[in-house]
Protein chains: 2
Amino acid sequence: MKQNSKLSLALHTLGHMAVTQDRPMTSDFIAQFHHTNPVVVRRVLGSLREAGLLTSEKGHAGGWRLAKAPEDISVAEVYLALGEPYLKPAGKGPDTPPGCAIRTAMEETVTLAVSEAEAVFVERLRTKTLADLTAAMGPALHS
Amino acid sequence: MKQNSKLSLALHTLGHMAVTQDRPMTSDFIAQFHHTNPVVVRRVLGSLREAGLLTSEKGHAGGWRLAKAPEDISVAEVYLALGEPYLKPAGKGPDTPPGCAIRTAMEETVTLAVSEAEAVFVERLRTKTLADLTAAMGPALHS
DNA sequence: GTTTCATGTAACCTATATAGTTACGTGATT
DNA sequence: AATCACGTAACTATATAGGTTACATGAAAC
C-alpha cells in the first residue's frame, strides 16, 4: 500500500464485491488481493459500514457484503465515507501567529479555490456507480 | 511550518514583497516573519526564480525582488512554479500488481476526477493577482 | 585586497503521518 | 467446546517533509 491508499483499497474491494456478490468476503481474502494487512482492511471497511455501504458478520460464514446494489453506490459516497479529503487547505499550521493580514488574505484565497476544486471532484465521482465501472470492463476480470 | 506549506510560504512572501517593493528582502528576514528557516526560504523561492517570478542578488544590498509587477503575477503562476500539486492521484504504489482490471478501472476514474478538480483549482487561482490581494486589504498591514 | 554579507547547495537530522503488525476480545457457526 | 471472522487497542516501521549545519560563490563595503 501507499500514501492515499484508503480510497484505493475501498474501491478495489467494492469493485470485486460488485462482481462477486454471492458470498461474503473475508478481510484476509481482501488483504491478499490488495497486498496489504487484514487489520488495515477492517479499519477502512469499517468506515464504509458506518456509512451504510457495507455490512459485516462474524463467525463461520462471516465477512463483508455490499449493503446496497452496485448501481446504488456512487464513488462519491465511498470517498465521503472515508472522511479524508485529498485536498487539504494550505499550510494551516497552528503556528500561524495569528496576526498577519497578508498571510490571512493569501490563505483565504487558496482555501476557497480548494473548496471549489473539491466540490468538482465529488461531483465527478457522484456520477459514477460501482455498476458503471464493473460494467465498463465486461467479463475480463482477473485478480 | 507545516505540511503543504510551500505555497503558503511563497504567497506570504510575495504578498509582503508586493507591499514593500522599494528594497530587496533577505532570506533571513523572510524566515523570521514566516517562522521558518532561511534555507527553506531559499529552496522555495528558488523555484519561483526559475519560473521568472523573482530575482535574487548576492552581496551587501542583496536579497529577493519581484521580477514583475504585482498585477502581473497570478496566484496560479506561483502555484505552478512550485511544481507540486495539492492533489496527488490515488494509491499508485509501485506495488500495483499490475494486472487487476477492476483496480485499474477504479483508479482511472479517480485520476480523471482529480485532474478535473486540479484544473478548476488552477483556474480559480489564475484570476487572482498579488495586486488584487494586497489591494483588498488596504493599509492595514502588520507583521 | 580583505572582510562582510547574502545567496546556492549538499548532506544530514528530526518530526510527523501513515501503513503494517501483534495481541487479545467478542459473537456466531459448526 | 472449538473454530472462524470481525473489532480494537497498542505498538512498530517507514516514508515524507521540514529543519539544521556546513561550506562554497559572488558582490559590495571598507
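Fair warning: this is a prediction, and the values are worked out from it, not measured in the lab. All chains are named by letter (A, B, ...) in the order of the sequence lines, taking the proteins before the strands, and each is independently numbered beginning at 1.
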Rounded to whole Å, please give me the gap between CG in A/Leu9 and C1' in C/dG20.
13 Å

Roughly how many Å is it from CG in B/Leu7 to P in D/dA17, rounded to a whole number?
15 Å

Correct closest heavy-atom pair for A/Leu133 and B/Ala105 would be CD2-O, 4.2 Å

So does B/Ser27 get a side-chain nitrogen or oxygen closer than 4.0 Å to the phosphate oxygens (OP1/OP2) of C/dT7?
yes

Please state whether the phosphate of D/dG7, meaning OP1 or OP2, lies under 4.0 angstrom from any side-chain nitrogen or oxygen of A/Ser56.
yes

Return the value, rounded to whole Å, for the distance between atom CD of A/Glu50 and atom P of D/dC6.
16 Å

For A/Asp28, what residues pass the side-chain hydrogen bond (donor to acceptor under 3.5 Å, both in side chains) criterion, not counting sequence neighbours?
none

CZ of A/Arg65 versus P of D/dC6: gap in Å, rounded?
12 Å

Would you mind reading off the distance between B/Asp28 atom CG and C/dG8 atom C1', rounded to a whole angstrom?
14 Å

Quick one: salt bridge (Lys or Arg N to Asp or Glu O under 4.0 Å) pairs with a partner in residues 53-78 of chain A, sequence neighbours left out?
A/Lys68-A/Glu77

Atom CZ in A/Arg23, atom CE in A/Met17: separation rounded to 0.5 Å?
11.5 Å

Between the axis at one end of the helix from C/dG1-D/dC30 to C/dT30-D/dA1 and the axis at the other (five pairs apiece), what's the angle to 10 degrees?
0°

Got a list of side-chain donor-acceptor pairs under 3.5 Å for residues 47-55 of chain B, not counting sequence neighbours?
from: B/Arg49; atom 1: NH1; to: B/Ser56; atom 2: OG; distance (Å): 3.2

Evaluation steps, side-chain contact (heavy atoms from CB on, under 4.5 Å), between B/Val75 and B/Thr129
CA-CA 6 Å; B/Val75 179; B/Thr129 68; over 6 Å; no

What pairs with B/Arg126 under side-chain hydrogen bond (donor to acceptor under 3.5 Å, both in side chains), at least two apart in sequence or on another chain?
B/Glu123

So which of B/Asn37, B/Thr36, B/Val41 actually passes side chain to side chain contact (heavy atoms under 4.5 Å, CB included) with B/Val39?
B/Asn37

Whole angstroms only, please: what is the NE2-P distance between A/His35 and C/dA19?
17 Å

Contact state string [nucleotides 21-30 of chain C, B base, S sugar-phosphate only, - no protein heavy atom under 4.0 Å]:
BB---BBBB-

What is the distance from CD1 of B/Ile30 to P of C/dA6, rounded to the nearest Å?
12 Å

To the nearest angstrom, how far is A/Leu54 atom CG from D/dA5 atom C1'?
15 Å

Taking a hydrophobic cluster as the set of Ile, Leu, Val, Met, Phe, Trp and Tyr residues connected by side-chain heavy atoms closer than 4.5 Å, whether directly or through intermediates, do B/Leu80 and B/Val120 fall within one such cluster?
no

